[in-house]
Engineer: 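Please read through the structure below; I'll follow up with questions.
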Amino acid sequence: MIFDYETLKLIWWAFVGVLIIGFALTDGFDFGVGMMLPFAGKNDTERRILINAIGPTWEGNQTWFITAGGATFAAWPLVYATAFSGFYIALMVLLFSLFFRPVGFDYRSKVADPRWRNAWDWGLFIGGFVPPLICGVAFGNLLLGVPFHYDDTMRVEYTGSFFALLNPFGLLAGLLSVAMLLMHGAAFAFVKTEAAVAERSRKTIIGAALVTVLLFIAGGFWVAQMPGYRIVSMPDANSAFTPLAKTVEVVAGAWFDNYAKWPVTKLFPALGVAGAVLAALLALVRSARLAFIASALSVTGIILTAGMSLFPFVMPSSLDAKSSLTLWDSVSSHKTLGLMFWMVLIFLPLIIVYTGWVYRVVKGKVTARDIHENEHTAY
């Protein structure tokens with residue numbers, strides 16, 4: 001192997017992070033446009049403009065989510081098993097909300113009846129609102145700790161419930177996720193549309209960006225006061241060991257340890273706040289493309305902040321701290337990580353290049369004229 005086991009563990013933590021950020025930056029604006037649909041589009045033509053802004057690319061964007069799930073299964077099998085068992089109902093709610101998107105995109109325009117189209121518009125709203133909310137609630141509960149533990153035979157037991165996930169901090173994190181992606185979706189719509197739809201998108205950027213900043217700062221103060229997790233001792237990171245082999249302590253403010261250890265990481269929360277503020281300011285002066293770039297930087301900064309706060313934990317346990325899953329003890333074998341590394345190194349650049357080419361092909365604004373001249377091909 002070209003890399004030792006410890007290095008590959010770190011590389012795969014970074015790979016999964018890249019996939020999550022890629023999902024948020026691409027499918028995230030699809031969610032945002034879906035949330036805007038019943039409100040930013042005042043008539044059928046305007047709503048079709050918004051739908052056609054994301055229609056050609058939403059399926060490709062969603063593959064980032066599927067790939068992130070596959071990477072978690074392959075690289076972090078214990079995390080995959082524990083999360084999909086403990087968060088089963090939440091994940092089913094997320095999955096069923098996602099069903100509204102393909103059906104809504106394909107069937108909305110098949111019938112001209114306003115009641116039919118209005119119903120699918122609200123379906124697309126659900127498909128845009130619920131997934132960011134569920135993902136944000138999940139991230140919030142990771143910081144609080146998830147109620148699971150391993151016994152001596154490494155059998156996992158989860159004692160929580162779906163409604164227990166809907167605690168105050170989890171809901172704050174969920175609303176932050178919604179506001180963040182609404183800002184990003186509005187910025188994308190501002191780039192892709194014109195006239196009244198673009199103006200409503202511009203105003204949405206400003207409002208969503210301000211809510212994002214307020215919730216992100218409030219969450220930061222909350223995290224500073226809550227108990228965090230810290231590894232006291234563990235076997236050699238270059239070896240394979242079970243989660244129960246380490247010692248973990250729970251200390252107030254420990255989630256901020258990494259920012260003191262590596263001061264450069266303070267740029268992540270700064271980017272989250274500054275990007276959102278800049279997106280609002282650029283929307284005020286009607287600079288659409290720069291506002292979209294700023295919103296993308298804000299989304300990236302907020303996700304990196306969450307990841308760096310947890311590092312090296314992936315799924316902390318609120319029942320038994322040493323059962324907490326980290327990037328050191330929840331991973332696949334050295335050989336598996338090594339083989340997958342080369343596959344990612346080959347295919348990820350191809351996917352990025354292909355995605356860039358697709359966006360180049362469909363670049364330009366979607367207008368009312370486009371909708372009326374392509375009645376049978378537009379969504």
Side-chain angles (χ1 to χ4, degrees), residues 1 3-17 20 68-91 138-162 164-165 167 170 223 226-258 261 306-338 340-341:
M1 291 290 178
F3 296 114
D4 60 25
Y5 200 12
E6 179 180 1
T7 302
L8 281 171
K9 291 176 182 180
L10 287 167
I11 288 173
W12 272 97
W13 179 83
F15 275 162
V16 173
I20 293 173
T72 302
F73 170 76
W76 294 339
L78 290 181
V79 174
Y80 183 90
T82 305
F84 277 70
S85 298
F87 293 161
Y88 184 80
I89 295 178
L91 290 169
F139 265 100
N141 278 274
L142 289 181
L143 289 164
L144 290 170
V146 182
F148 74 93
H149 69 92
Y150 286 95
D151 63 20
D152 292 336
T153 61
M154 284 303 295
R155 291 184 299 180
V156 65
E157 181 180 358
Y158 178 83
T159 62
S161 67
F162 171 73
L165 297 174
N167 53 72
V223 171
M226 72 169 55
Y229 291 62
R230 181 184 297 157
I231 296 177
V232 177
S233 64
M234 70 175 192
D236 182 5
N238 202 36
S239 64
F241 57 93
T242 69
L244 298 179
K246 65 182 179 298
T247 304
V248 177
E249 63 178 1
V250 182
V251 183
W255 287 140
F256 278 23
D257 282 358
N258 291 329
K261 188 175 182 180
M308 186 50 62
S309 297
L310 282 168
F311 181 89
F313 291 89
V314 179
M315 196 171 181
S317 169
S318 60
L319 296 183
D320 177 29
K322 68 179 180 180
S323 291
S324 299
L325 301 177
T326 73
L327 65 93
W328 306 122
D329 53 33
S330 61
V331 297
S332 296
S333 68
H334 189 184
K335 184 175 183 180
T336 299
L337 296 184
M340 291 194 303
F341 167 78

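Just the heavy atoms: all of them, side chains too, but no hydrogens, waters or symmetry mates, feed the values below.
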Engineer: Does the side chain of T7 pick up a donor-acceptor pair with the side chain of D4 at under 3.5 Å?
Structural biologist: yes
Engineer: Is K246 close to D329 at the side-chain level, that is, under 4.5 Å between some pair of heavy atoms?
Structural biologist: yes
Engineer: With sequence neighbours excluded, tell me which residues meet side-chain hydrogen bond (donor to acceptor under 3.5 Å, both in side chains) with S333.
Structural biologist: T336
Engineer: Can you tell me how far the CD1 atom of I11 sits from the CE atom of M340, to the nearest 0.5 Å?
Structural biologist: 11.5 Å
Engineer: Has the side chain of K9 got a donor or acceptor atom that lies under 3.5 Å from a matching backbone atom of A237?
Structural biologist: yes
Engineer: Can you confirm whether F313 sits close enough to V248 that some side-chain heavy atom of one is under 4.5 Å from a side-chain heavy atom of the other?
Structural biologist: yes
Engineer: Hey, does the side chain of H334 reach the backbone of E6 with a donor-acceptor pair shorter than 3.5 angstrom?
Structural biologist: no
Engineer: Determine whether a donor-acceptor pair (N or O, by modelled atom type, separation under 3.5 Å) exists between the side chain of W328 and the backbone of P312.
Structural biologist: no
Engineer: Would S239 and D236 count as having a side-chain donor-acceptor pair, cut-off 3.5 Å?
Structural biologist: no
Engineer: Rounded to the nearest 0.5 Å, how far apart are NZ of K322 and CD of E249?
Structural biologist: 15.0 Å
Engineer: Give the ring-plane orientation class for F87 versus Y158, where under 30° counts as parallel, over 60° as perpendicular and anything between as tilted.
Structural biologist: perpendicular
Engineer: L310 and L142: which non-hydrogen atoms are nearest, and at how many Å?
Structural biologist: CD2-O, 4.0 Å
Engineer: Give me the ring orientation class for F311 and W13: parallel if the planes are under 30° apart, tilted from 30 to 60°, perpendicular past 60°.
Structural biologist: perpendicular
Engineer: What I'd like to find out is whether the side chain of W12 reaches to under 4.5 Å of the side chain of L327, using heavy atoms alone.
Structural biologist: no
Engineer: Nearest 0.5 Å, what's the CE-OG distance between M315 and S323?
Structural biologist: 11.5 Å
Engineer: Quick check: do F341 and F15 have side-chain heavy atoms less than 4.5 Å from each other?
Structural biologist: yes
Engineer: Can you pull the side chain to side chain donor-acceptor pair (under 3.5 Å) pairs that have at least one residue in residues 75-91, sequence neighbours excluded?
Structural biologist: T82-Y150
Engineer: As an exercise, state the distance from CG of L8 to NZ of K335, rounded to the nearest 0.5 Å.
Structural biologist: 14.0 Å
Engineer: Is the shortest side-chain heavy-atom distance between S332 and P77 below 4.5 Å?
Structural biologist: yes
Engineer: If you look at every heavy atom in N141 and G170, which pair is closest and at what distance?
Structural biologist: ND2-CA, 4.1 Å
Engineer: Do the side chain of N167 and the main chain of L165 share a donor and acceptor less than 3.5 angstrom apart?
Structural biologist: yes
Engineer: Quick check: does any side chain N or O of Y229 sit under 3.5 Å from a backbone N or O of S317, one acting as donor and the other as acceptor?
Structural biologist: yes
Engineer: Given side chains that start at C-beta, do those of D320 and L244 come closer than 4.5 Å, heavy atoms only?
Structural biologist: yes
